[in-house]
Amino acid sequence: MTWKRSLPILALILIAAVLFLRPGERPFEERRAFLMGTAVLVRAQADEAVLDETMALLRDLDRSLSAHSESSEIGRANGKSGTEVSLSPRTARLLERALLWAERTGGAFDPTLRPLTRLWLGDGLEHEPPSPEAVAEALRHVGWSRVRLDGKKLLLEPAMGLDLGGIAKGYGADEAVSLLRHKGVSSALVDLGGNIVVIGERPGGGPWRIGIQDPRKPRGERLGIVEVRDRSVVSSGNYERFLLWQGERYGHIVDPATGFPARSDLEGVTVLSESSLDGDALATALFVLGRERALALTEDLERDGYAFILVGADRRIDLSPSLTGLFRLEAEEYRLETGR
Amino acid sequence: MKRGDRAVALLLGLLLAASAVPLLFSSSTAPRWAVVYVDGREWRRLPLDGPLEEVEVVLEGRRSLLSVGEGRARFVESSCPDGLCVHRGWLDGPGETALCLPNRIELRLEGKDDREEAVDGQTY
């Protein structure tokens with residue numbers, strides 16, 4: 001047999017070897033837990049020890065960041081408002097980032113909402129809403145610009161309080177992903193209660209496919225699917241958690257400007273970003289701002305690589321141009337607006 | 001082509017056909033199991049292809065009732081305050097999940113899925 005005649009056979013051998021042996025496919029391992037008040041899933045092409053280390057990190061963050069636990073670092077800082085306290089480097093960095101987003105969103109995201117969130121959501125989700133007087137009083141103690149943070153030293157005015165609940169999940173997801181990358185993991189999905197961050201590609205190859213919650217439907221029902229690599233996907237809206245009193249629904253996202261649940265013409269906001277913390281802060285802020293002011297802000301952010309899916313109460317969806325071809329709308333009652 | 005060449009080609013043909021067998025099986029879309037996670041740990045793995053059965057889960061005095069079978073699963077009752085898990089309704093596609101955060105129970109349908117609408121995760 002001459003070498004020319006043997007070429008097709010050699011090619012066949014190569015194809016068969018690739019298909020039959022499927023070399024180097026490390027299996028995906030996963031861990032689940034209930035942390036930070038939500039369900040956590042870490043799925044990664046990694047050793048079990050790496051996943052265990054990631055879960056230990058998340059448990060540690062859960063202990064230090066809860067605003068609702070007096071023994072957490074944030075809880076202790078809130079209990080000592082009026083006096084200077086020293087934060088751990090990690091919590092100081094988180095607060096610094098939160099204050100940055102507060103500034104960039106003109107206060108639509110505010111990490112000092114604790115006096116108000118305690119009022120609206122402190123005793124569960126079924127109680128009489130607070131009186132306008134109580135809201136006005138709590139609002140006096142809210143204001144990101146009055147936080148004094150100097151390195152690790154924090155000074156809150158008396159009766160002020162931090163609530164980092166709006167970004168703690170995003171921060172946790174970022175930290176978990178950072179650890180996984182540091183350990184050399186090149187394919188993973190971290191899901192902290194719907195805050196999703198992916199590394200690389202999904203099992204079997206190709207972009208990860210992330211479902212986006214339909215804000216009008218029960219949890220788990222999709223508006224559409226977005227395809228991502230190395231991105232965070234975060235959604236926010238008043239659709240799930242709300243205070244219910246005498247038939248009236250009060251959403252859980254409080255407008256720092258009024259002290260009352262945000263009355264937005266947006267029903268759901270999804271942010272795609274590198275950092276899930278940034279996505280968390282932005283999703284909340286854009287919801288509070290409403291469509292017109294949100295769109296003004298997103299134009300700038302799109303140039304920095306962020307992308308958005310804004311779902312209006314009128315069922316119009318504003319989609320960032322960079323998501324064209326990556327987002328597939330499934331729910332028929334909505335219409336896509338991509339002509340910005 | 002000589003006789004020996006034909007034998008090699010035949011052998012390779014068979015090898016290729018054999019390599020496609022796992023691909024055929026992996027493209028099955030039907031969910032096969034309802035997996036119940038309690039407090040982050042797998043508690044039970046229930047076959048979906050049997051008749052509908054009710055399964056009770058109790059954790060620290062909190063109770064949830066699930067219904068599993070005939071290719072689908074759901075939360076029927078739950079002692080949680082918001083009832084979001086029950087409102088989720090029936091799950092019937094692989095990868096679909098229903099979650100009861102207060103009771104720390106997750107119900108997830110598992111099965112290989114190459115359908116276009118399958119997702120790896122979902123925001124909420």
Side-chain angles (χ1 to χ4, degrees), chain A residues 1 5-6 8-9 12-13 15-22 31-35 37-41 43 55 124-126 189-191 193-196 198 202-204 208-213 218-223 225-226 233-237 239-242 244 268 270 283 328 330, chain B residues 1-2 4-6 8-9 11-23 26 35 37-42 59 75 80-91 93 95-108 112-124:
Chain A
M1 189 161 51
R5 288 180 62 193
S6 61
I9 292 179
L12 273 174
I13 289 172
I15 293 167
V18 168
L19 284 173
F20 194 65
L21 298 174
R22 299 214 214 167
R31 291 285 184 279
R32 288 166 192 271
F34 279 80
L35 295 168
T38 195
V40 172
L41 164 68
R43 179 181 296 151
M55 297 309 283
L125 296 172
E126 273 185 83
L189 178 143
V190 173
D191 179 351
N195 272 62
I196 294 174
V198 299
R202 72 197 295 263
W208 294 88
R209 292 197 285 250
I210 308 301
I212 305 300
Q213 174 68 39
R219 180 198 290 162
E221 294 207 24
R222 290 198 301 262
L223 175 76
I225 297 176
V226 68
V233 189
V234 176
S235 294
S236 189
Y239 41 84
E240 189 160 79
R241 289 181 68 213
F242 47 84
L244 191 62
T270 296
R328 184 158 51 84
E330 293 181 314
Chain B
M1 198 179 267
K2 290 179 183 169
D5 294 351
R6 274 202 293 273
V8 171
L11 193 69
L12 284 169
L14 283 171
L15 199 59
L16 268 174
S19 69
V21 169
L23 293 177
S26 69
V35 188
Y37 297 91
V38 178
D39 205 15
R41 294 180 203 285
E42 185 175 320
L59 178 69
F75 277 84
C80 58
D82 53 20
L84 288 170
C85 50
V86 176
H87 291 153
R88 173 70 178 91
W90 287 106
L91 312 178
E96 288 188 0
T97 59
L99 195 58
C100 183
L101 282 178
N103 291 7
R104 305 205 293 275
I105 298 166
E106 184 174 356
L107 174 64
R108 178 180 164 84
K112 281 273 185 191
D113 194 338
D114 293 337
R115 290 184 308 179
E116 210 171 281
E117 62 264 34
V119 293
D120 301 300
Q122 165 122 7
T123 66
Y124 55 86

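Just so we're on the same page: letters track the sequence lines, and every chain starts at 1. It should be emphasised that the depicted structure is a prediction, and the values quoted were computed from it without experimental measurement.
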**Study point:** For chain B, the option from A:Ile212, A:Val40, A:Val198 that forms the most heavy-atom pairs under 4.5 Å
**Key:** A:Ile212
Review point. How far apart are the closest heavy atoms of A:Ala39 and B:Glu106, and which atoms are they?
Key: CB-OE1, 4.4 Å
Point to revise | All side-chain contact (heavy atoms from CB on, under 4.5 Å) counterparts of A:Asp191, not counting sequence neighbours | key: A:Leu41, A:Leu189, A:Ile196
Exercise for review: Determine whether B:Arg41 and A:Arg32 make a side-chain contact, defined as any pair of heavy atoms from C-beta on separated by less than 4.5 Å.
Suggested key: no
Revision key, fill the gap. To the nearest 0.5 Å, atom CG of B:Leu99 lies from atom CZ of A:Phe34 at 5.0 Å
Practice item. Answer whether the closest heavy-atom distance between the side chains of B:Val119 and A:Ile210 falls below 4.5 Å. Key: no
**Study point:** Heavy-atom donor-acceptor pair, A:Ser235 side chain to B:Thr123 backbone, under 3.5 Å
**Key:** no
Exercise for review: Output all residues satisfying side-chain hydrogen bond (donor to acceptor under 3.5 Å, both in side chains) with A:Ser236, sequence neighbours left out; order by chain, then residue number.
Suggested key: none
Exercise for review: Please report the closest heavy-atom contact between B:Leu101 and A:Thr38, naming both atoms and the distance.
Suggested key: CD2-CA, 3.4 Å
Check your understanding: Contact part of A:Arg43 toward chain B, heavy-atom cut-off under 4.5 Å: side chain, backbone, both or neither?
Key -> side chain
Check your understanding: Is it true that A:Arg202 and B:Asp120 make a salt bridge, defined as a side-chain N closer than 4.0 Å to a carboxylate O?
Key -> yes
